[in-house]
Amino acid sequence: MATVAQLLASGADLPGDSARRDSEILLGHCLARPRSWLYAWPEEEVADEHEASFFALLELRRAGRPVAYLTGQREFWSLRLAVTSATLIPRPETETLVAWALQLSLPAAADAVDLGTGSGAIALALASERPQWRITGVDSSEDALQVARCNARDNGLQAVDFRRSDWFAALDDDRFDLVVSNPPYIDGDDPHLQRGDLRFEPRDALVAGRGGMADLAVIIARASAHLRPGGWLLTEHGFEQAAAVRELYEQAGFSAVATRSDLAGQERVTGGRLC
């Protein structure tokens, strides 16, 4: 039988710049052990059935399949979230949006909505930090909503209300203190869609018309009808779209329009306040 250290070394050729980390996550998944256990027990022998499962996952990873889809989960804002091919994989840059939302001066029992909630990552992160808020998550995909509801249950955050809606369409005259969204913002001709994890993620959650700006334009234009006076809109976008997004905010009558950068220094989230 191979040891933990030997198996981890066999994943050195995995694609991307995090081969070792990916190997650790996949082996930990097969053994139902945290990565810290792998560090503590490198000479532990691994049962044949677990070794076979690990090698099968390595082959799928070498073919480009995302680690999160192989394990069925991803950590986001200290939450462990289930992910499937019906949802985007939550990414660290989206935590920039969550952090900003938590810094806003909002009512103690604020009403917030997450448009295009997917796995529920943003809505559940906010709920974990602000249990007194009334939070709604909407998505046009029923498959994605099923994943979000499971994540709410598994993280003890069942108070979040998940509904099926194409952006604001099913929200009627509901008004909110905060609207947040990580909508599709990639141009359909962007070559990155043919690389890495993006090849396996749901295209309709990634791609938007008008050079990636179509859904952002709809959300920004319609948000004022669903925000209370003084309410905020925060949207994630591509790092090259910041100036165009700020212009849309200003055209829609928002004040205090600003953009924040993610940890990589890329302009990633724009926000504004309804006068």
Side-chain angles (χ1 to χ4, degrees), residues 22 25-26 28-30 32 34 53 57 60-61 63-98 101 111-131 133-171 174 176 178-186 193 196-208 215 219 234-236 269:
D22 291 351
I25 292 173
L26 294 176
H29 173 70
C30 292
S53 297
L57 291 180
L60 291 171
R61 180 59 187 148
R65 191 164 294 277
V67 170
Y69 288 163
L70 295 177
T71 63
Q73 59 188 19
R74 182 66 169 259
E75 288 189 6
F76 180 85
W77 199 267
S78 79
L79 302 174
R80 188 173 294 277
L81 302 176
V83 293
T84 73
S85 58
T87 68
L88 288 182
I89 299 169
R91 289 175 167 81
E93 51 263 35
T94 303
E95 294 188 354
T96 303
L97 186 155
V98 175
D111 289 292
V113 62
D114 174 21
L115 302 177
T117 195
S119 65
I122 296 173
L124 295 174
L126 293 176
S128 72
E129 298 286 351
R130 298 288 186 271
W133 286 8
R134 294 181 291 267
I135 300 174
T136 301
V138 305
D139 204 288
S140 61
S141 167
E142 187 58 41
D143 289 339
L145 289 171
Q146 290 179 11
V147 175
R149 293 183 182 114
C150 288
N151 282 328
R153 179 199 64 209
D154 293 345
N155 286 279
L157 299 168
Q158 295 97 319
V160 178
D161 178 25
F162 290 107
R163 307 183 205 170
R164 188 169 186 177
S165 179
D166 183 5
W167 304 135
F168 295 104
L171 296 179
D174 292 354
F176 301 92
L178 173 66
V179 175
V180 295
S181 184
N182 176 19
Y185 54 74
I186 301 178
L193 292 168
D197 292 358
L198 295 183
R199 293 173 294 166
F200 298 89
E201 296 184 77
R203 187 177 176 87
D204 59 355
L206 293 168
V207 173
D215 289 311
I219 291 168
L234 303 180
T235 54
E236 183 174 329
V269 180

May I have the list of side-chain donor-acceptor pairs in residues 115-129 shorter than 3.5 Å, sequence neighbours left out?
from   : atom 1 : to     : atom 2 : distance (Å)
Thr117 : OG1    : Asp114 : OD2    : 2.8
Ser128 : OG     : Ala125 : O      : 2.7
Glu129 : OE2    : Trp77  : NE1    : 2.8

**Prompt:** Taking C-beta and beyond as the side chain, do Gln73 and Leu81 meet within less than 4.5 Å on heavy atoms?
**Reply:** no
**Prompt:** Quick one: are Asp174 and Phe168 in side-chain contact, heavy atoms under 4.5 Å?
**Reply:** no
**Asked** Which atoms form the tightest heavy-atom contact between Tyr69 and Thr87, and what is the distance?
**Response** OH-O, 2.6 Å
**Request:** Under the side chain to side chain contact (heavy atoms under 4.5 Å, CB included) rule, collect the residues that match up with Pro184, sequence neighbours excluded.
**Result:** Trp167, Ala208, Asp215
**Request:** Determine whether Asp111 and Trp133 make a side-chain contact, defined as any pair of heavy atoms from C-beta on separated by less than 4.5 Å.
**Result:** no
**Prompt:** Rounded to the nearest 0.5 Å, how far does CG of Leu88 lie from CZ of Arg91?
**Reply:** 6.5 Å
**Request:** Verify side chain to side chain contact (heavy atoms under 4.5 Å, CB included) between Asn151 and Val147, making sure each step is shown before the conclusion.
**Result:** CA-CA 6 Å; Asn151 282 328; Val147 175; 3.7 Å; yes
**Prompt:** Is there a side-chain contact between Ile219 and Pro183 (heavy atoms, below 4.5 Å)?
**Reply:** yes
**Prompt:** How many angstroms lie between CZ in Arg149 and CZ in Arg153, if you round to the nearest 0.5 Å?
**Reply:** 12.0 Å
**Asked** Run the side chain to side chain contact (heavy atoms under 4.5 Å, CB included) check on Val269 and Thr235 step by step: do they pass?
**Response** CA-CA 6 Å; Val269 180; Thr235 54; over 6 Å; no
**Asked** Does a side-chain heavy-atom distance below 4.5 Å link Asp139 with Ser165?
**Response** no
**Item:** Test log, rule side chain to side chain contact (heavy atoms under 4.5 Å, CB included), inputs Val138 and Phe162
**Value:** CA-CA 6 Å; Val138 305; Phe162 290 107; over 6 Å; no
**Asked** Minimum heavy-atom separation for Leu97 to Glu236, with atom names?
**Response** CD1-N, 3.8 Å
**Asked** Which is it for Leu171 and Arg163 under the side chain to side chain contact (heavy atoms under 4.5 Å, CB included) test, yes or no, and what are the steps along the way?
**Response** CA-CA 9 Å; Leu171 296 179; Arg163 307 183 205 170; 3.5 Å; yes
**Asked** Measuring from Arg203:CZ to Ile186:CD1, what's the distance to the nearest 0.5 Å?
**Response** 9.5 Å
**Request:** Measure the spacing between OG of Ser140 and CZ of Arg164 and express it to the nearest 0.5 Å.
**Result:** 7.0 Å
**Asked** Rounded to the nearest 0.5 Å, how far does OG1 of Thr136 lie from CZ of Phe176?
**Response** 5.0 Å
**Asked** Counting distance only, does the side-chain N/O of Asn155 pair as donor-acceptor with the main-chain N or O of Leu157 below 3.5 Å?
**Response** no
**Prompt:** Nearest 0.5 Å, what's the CG-NE2 distance between Leu70 and His29?
**Reply:** 8.0 Å
